[in-house]
Amino acid sequence: MQNYSLLTDLYQLTMAYGYWKTGLKDHETVFHLFFRKHPFQGGYTLACGLQPALDLIRHFSFKEDDLAYLSTLKGNDGKPLFDSGFLEYLGKLENTLTVYGIPEGTVVFPHEPLLRLQGPIILCQLLETPLLNILNFQTLIATKASRIAHVAQGESVLEFGLRRAQGVDGGLAASRAAYIGGCAATSNVLAGKMYGIPVRGTHAHSWVMSFPTEQEAFEAYAQAMPNNCVFLVDTYDTLEGVKNAIGVGKKLREEGHEMVGIRLDSGDLATLSIEARKLLDEAGFPAANIVASNDLDEYEMKTLKEKGSRINVWGVGTRLVTAYDQPALGGVYKLAAIRKPGENWSYKVKLSEQAIKVSNPGILQVRRFRTNNHYTGDIIFHEEWEPARCRFEAFSGQQMDIQADHYEDLLVPVWENGKQVYHSPDIHTIREHRKKSLELFEEKILTPSEPSVYPTGLEPRLQEYKLELMRTVH
């Protein structure tokens, strides 16, 4: 992985410089990375991006050319922005972090830390921007993919978004997150190579238009790739295209091959899929898939299903990889504790007139409770204060009790004192973890439209301490 030490906002470096100048560089801190609201007005979010975040941390260092560039930056007086001693310090910066993270594919909720970093204030500060860049985007896309897969109800969803993705890095990250979120395959060949994601694809309208007739185009494609025949049938007349595909499909069958299906990319997809299904079944192709594309998302798919469409493979592109209806998660990274070497922790809270923006102090952990094979609620608690009961202050302000016979703590150690102790499973295992995680939540939490609120909140002792801190901090 490329070294991304300069993939940051300038103010992270200016703060780091300030810590160095004012003698705070040896202070130890705890930061939490979390989000405040579910994306897409949904009832859950899917954590994604931990492995790329670990790669970033592993390779994080300032090389000679990085320091040379920083030495060219000037203040408004024309003098160097950073002292040479600070740049020398950055060049020798060592990773001594302890990091806890929630495994990818885990369902998460607002205010729950996806990452908890403990270590020197400068190093923790410098990692803020790139970690947010990774986890915000991949969590957002994985969540969108999960919603789409949920509506598909077990039917295959193919990620077709590379040509509309936000740049090369965005396209690759989106393909990875979409597969974790529930897509069955991607059209992105490089993502297939890099991450081991299945790849799928056939031909475009330009293939059909390159031949004198649609029939000849289908025949030529079948001759070239008899084991990969999904025919795009809407270049001229969709139902005539289906009939042409059936004709070529019969010839394929005579030669020992089977037509995989047809693809619809425009028009009234519900009606066309119903008519196409009739034609395919009557011609002896009941197993032929009907693939649909054309600006699909969970809302459009739900509408098509309600209309009785016979689509059984969904090609989703732009609206998935760009998170079209909400293009940012809004995750944040807040200081929760600080201490001088050898001293006790001083816990910190960020105040705001908006209650949702008041941060939580302490060294936080998330405990998820379960009963009768269903999750019943989460509490956020201070790790040094073991919660005594399944009672919490919900973010709605209500006191709530959780019925539970089992629990699990979601944040697991990934780095300890500068050494990686967690090795991410392969992408297929992560995807399976997502599936099992979702199965333990009630349907009313997972539905994309008007979901119920899953119980989450602060453990009472932490809530009381937070309120006390809010009264005294200044």
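Along the sequence shown, the residues carry numbers beginning at 1.
Contact between A191 and S175 at its shortest, heavy atoms only, is CB-CB, 3.5 Å. Residues A142 and C48 share a closest heavy-atom pair of CB-CB, 3.7 Å. Here the closest heavy-atom approach between residue V473 and residue L351 is recorded as CG1-CD1, 3.2 Å. In terms of heavy-atom proximity, G161 sits nearest to S187 at N-OG, 4.5 Å. The minimum heavy-atom distance between G91 and L67, with the atom names listed, is CA-CD1, 3.8 Å. Shown here for G171 and A165, the closest heavy-atom pair between the two residues is CA-CB, 3.5 Å.
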Residue pair H38, F109: steps toward the ring-ring contact (aromatic ring centres under 6.0 Å, His included) verdict: CA-CA 7 Å; H38 288 304; F109 297 90; 5.5 Å; yes

Check step by step if side chain to side chain donor-acceptor pair (under 3.5 Å) holds for T129 and Y333. CA-CA 9 Å; T129 296; Y333 185 88; over 6 Å; no

Starting from the C-alpha separation in whole Å, work towards a yes-or-no answer on side-chain contact (heavy atoms from CB on, under 4.5 Å) for F35 and V108. CA-CA 10 Å; F35 62 93; V108 289; 3.8 Å; yes

Which is it for H382 and Y347 under the ring-ring contact (aromatic ring centres under 6.0 Å, His included) test, yes or no, and what are the steps along the way? CA-CA 11 Å; H382 191 303; Y347 300 119; 4.8 Å; yes

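H27 has its ring centre no less than 6.0 Å from the ring centre of Y19. Ring centers of Y422 and W415: at least 6.0 Å apart, outside the cut-off.
Between the side chains of S437 and Y375, no donor-acceptor pair of N or O atoms lies under 3.5 Å. At a cut-off of 3.5 Å, with distance as the only test, no side-chain donor of T456 or D378 sits close to an acceptor on the other residue. No hydrogens or angles considered: nothing links the side chains of E104 and Q51 as a donor-acceptor pair under 3.5 Å. With no hydrogens or angles considered, a side-chain donor-acceptor pair links H433 and T106 at under 3.5 Å. Under the 3.5 Å distance criterion, with hydrogens and angles disregarded, a donor-acceptor pair is assigned to the side chains of R263 and S293. W385 and E459 form no side-chain donor-acceptor contact under 3.5 Å, judged by distance and modelled atom types alone. No side-chain donor from either of E416 and T98 sits under 3.5 Å from a side-chain acceptor of the other.
By the neighbour-count criterion of 12 heavy atoms within 6.0 Å, atom OH of Y299 is densely surrounded, having more than that number from other residues, nucleotides or ligands. Atom CZ of R339 has more than 12 neighbouring heavy atoms from other residues, nucleotides or ligands inside a 6.0 Å radius. Within a 6.0 Å radius of NZ in K350, more than 12 heavy atoms belonging to other residues, nucleotides or ligands are found. Remark: E384 CD is packed, more than 12 non-hydrogen atoms of other residues, nucleotides or ligands lying under 6.0 Å away. N227 CG: more than 12 foreign heavy atoms inside a 6.0 Å radius. A 6.0 Å sphere centred on CD of Q41 holds no more than 12 heavy atoms belonging to other residues, nucleotides or ligands. Crowding of R36 atom CZ: a count of heavy atoms from other residues, nucleotides or ligands under 6.0 Å exceeding 12. Enclosure of atom CD in E443 by more than 12 non-hydrogen atoms of other residues, nucleotides or ligands within 6.0 angstrom is indicated.
Using a 4.5 Å cut-off on side-chain heavy atoms (C-beta onward), Y4 and P130 make no contact. Looking at T96 and N417, their side chains never come closer than 4.5 Å, going by heavy atoms from C-beta outward. Side-chain contact between L440 and N373: present, with at least one pair of heavy atoms (C-beta onward) separated by less than 4.5 Å. Annotation: side chain of L364 is not in contact with side chain of E383 (no heavy-atom distance under 4.5 Å). With a 4.5 Å cut-off on side-chain heavy atoms, L117 and L115 count as touching. Using a 4.5 Å heavy-atom threshold, the side chains of Y69 and L6 count as touching. The shortest distance between side-chain heavy atoms of V366 and I379 does not fall below 4.5 Å. Side-chain contact between N360 and V349: absent, with no pair of heavy atoms (C-beta onward) separated by less than 4.5 Å.
Electrostatic pairing of E88 and K92 counts as a salt bridge here, judged by a charged N lying under 4.0 Å from a carboxylate O. The pair D66-K63 does not meet the salt-bridge criterion, since no charged nitrogen lies less than 4.0 angstrom from a carboxylate oxygen. Taking 4.0 Å as the cut-off between side-chain N and carboxylate O, E442 and K444 count as a salt-bridged pair. A salt bridge does not link K305 to E300: none of the charged side-chain nitrogens sits closer than 4.0 Å to a carboxylate oxygen. A salt bridge does not link R368 to E408: none of the charged side-chain nitrogens sits closer than 4.0 Å to a carboxylate oxygen.
Below 30°, between 30° and 60°, or above 60°: for F82 and F86 the angle between ring planes is between 30° and 60°, a tilted geometry. Ring planes of F441 and Y454: perpendicular class, angle over 60° (limits at 30 and 60°). Ring planes of W20 and Y17: parallel class, angle under 30° (limits at 30 and 60°).
Taken to the nearest 0.5 Å, the CG atom of L126 stands 11.0 Å off from the CG atom of D9. Distance check, rounded to the nearest 0.5 Å: CD1 of I290 to CD1 of I311 gives 7.5 Å. Going from atom CD1 of I180 over to atom CD1 of I197 covers 7.5 Å, rounded to the nearest 0.5 Å. Taken from CD1 in I356 to NZ in K37, the straight-line distance is 5.0 Å, to the nearest 0.5 Å. Separation of atoms CG (L97) and CG (L123) is listed at 4.0 Å; rounding is to 0.5 Å. To the nearest 0.5 Å, atom CG of residue D426 and atom CD of residue E432 are 11.0 Å apart.
When atom types are taken as modelled, the side chain of N188 and the backbone of L190 share a donor-acceptor pair closer than 3.5 angstrom. Judged by distance alone, the side chain of T143 and the main-chain N or O of T139 form a donor-acceptor pair under 3.5 Å. No donor-acceptor distance shorter than 3.5 angstrom exists from the side chain of Q118 to the backbone of V99, with no hydrogens or angles considered. The main-chain N or O of H374 is never found under 3.5 Å from a side-chain atom of N372 such that the two would form a donor-acceptor pair. Using modelled atom types, no side-chain atom of T8 and backbone atom of L13 make a donor-acceptor pair closer than 3.5 Å. Using modelled atom types, one side-chain atom of N228 and one backbone atom of G201 make a donor-acceptor pair closer than 3.5 Å. Judged purely by atom type and a 3.5 angstrom limit, H32 has no side-chain atom pairing as donor or acceptor with the backbone of S359. With N289 contributing its side chain and V291 its backbone, the two residues share no donor-acceptor pair below 3.5 Å.
When each of L10, T72, L70 is checked for a side chain to side chain contact (heavy atoms under 4.5 Å, CB included) with L81, only L10 meets the rule. Here the rule is salt bridge (charged side-chain N to carboxylate O under 4.0 Å, His left out) with D325, and of R319, R147, K144 only K144 fits it.
Geometric assessment of R116 against the ring of F31 yields a negative cation-pi assignment under the 6.0 Å and 45° thresholds.
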